[in-house]
Amino acid sequence: QVQLVESGGGLVQPGGSLRLSCAASVSIFSLYAMGWYRQAPGKQRELVAAITGGRTTNYADSVLGRFTISRDNAKNTMYLQMNSLKPEDTAVYYCNAVHNVNYRHYWGQGTQVTVSS
């Protein structure tokens, strides 16, 4: 019912930057808390950053100060600005949305981020 589509992944060198986008298929974007997760091969999926409808943010310690999560509710889009990228940031990044009323989770298909020289 709710579709999320990530874009912006790719290959970058250490220290470089990428901006990920997540476009939602619904116009009630403000009713969802949003977040970015990532999963590296052989590892558990982990929360990278989250943002509520009120734009309160939370970051994993590993990305704090380097990544910035934001949302544009009018455009039904969430972003993750990633600066000072490190090889350990390499993973598939997933967009996530949680409805504030029924608490259903929705996931995007993922976008690959590879940080390598």
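- By the 4.5 Å heavy-atom criterion applied to side chains, M78 and W36 are counted as neighbours.
- Of all non-hydrogen atoms in N73 and G53, the two that sit nearest each other are ND2-O, 4.3 Å.
- At a threshold of 4.5 Å between side-chain heavy atoms, the hydrophobic network of Ile, Leu, Val, Met, Phe, Trp and Tyr places V26 and L31 in one connected group.
- More than 12 heavy atoms of other shown residues, nucleotides or ligands fall within 6.0 angstrom of atom CD in E88.
- With sequence neighbours left out, the ring-ring contact (aromatic ring centres under 6.0 Å, His included) criterion links F67 to no other residue.
- Heavy-atom minimum distance, A33 versus N100: N-OD1, 3.6 Å.
- Contact annotation: the side chain of R45 approaches that of W107 to within less than 4.5 Å [non-hydrogen atoms, C-beta and beyond].
- When all heavy atoms are compared, the tightest approach of Y37 to V48 is C-CG2, 4.0 Å.
- Heavy atoms only, all atoms of each residue included: G108 and Y94 are closest at O-CD2, 3.7 Å.
- Using a 4.5 Å heavy-atom threshold, the side chains of K75 and S21 count as separate.
- Proximity of a side-chain donor or acceptor of E6 to a complementary backbone N or O of G110 within less than 3.5 Å is detected.
- Annotation: disulfide (SG to SG under 2.5 Å) contacts involving residues 50-82, sequence neighbours excluded, are absent.
- No side-chain heavy atom of T111 sits less than 4.5 Å from a side-chain heavy atom of S7.
- The distance from atom OH of Y93 to atom CG of L80, rounded to the nearest 0.5 Å, is 7.5 Å.
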After noting the C-alpha distance and the side-chain angles of R38 and D89, does the key distance pass the side chain to side chain contact (heavy atoms under 4.5 Å, CB included) rule? CA-CA 9 Å; R38 67 186 182 188; D89 295 318; 3.0 Å; yes

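- You'll find the side chain of V2 stays beyond 4.5 Å of the side chain of H99, heavy atoms only.
- No donor-acceptor pair closer than 3.5 Å links the side chain of N96 to the backbone N or O of G35.
- Within the 4.5 Å cutoff, the side chain of V113 has heavy atoms near those of the L20 side chain.
- The CD1 atom of I69 sits 11.5 Å away from atom OG1 of T56, with the distance rounded to the nearest 0.5 Å.
- Nearest heavy-atom pair, V12 versus L85, reported as atom, atom and distance to 0.1 Å: CG2-CD1, 3.5 Å.
- Around atom CD of Q109, more than 12 heavy atoms belonging to other residues, nucleotides or ligands sit under 6.0 Å away.
- By the criterion of side-chain heavy atoms lying less than 4.5 angstrom apart, applied directly or through intervening Ile, Leu, Val, Met, Phe, Trp or Tyr residues, M82 is grouped together with L64 in one hydrophobic cluster.
- In this structure, R104 contributes its side chain and A97 its backbone to no donor-acceptor pair below 3.5 Å.
- Closest non-hydrogen pair, P14 versus S117, comes out as CD-N, 3.7 Å.
- Within the structure, the side chain to side chain donor-acceptor pair (under 3.5 Å) test picks out the following pairs touching residues 77-86 (sequence neighbours left out): S17-N83, Q81-N83.
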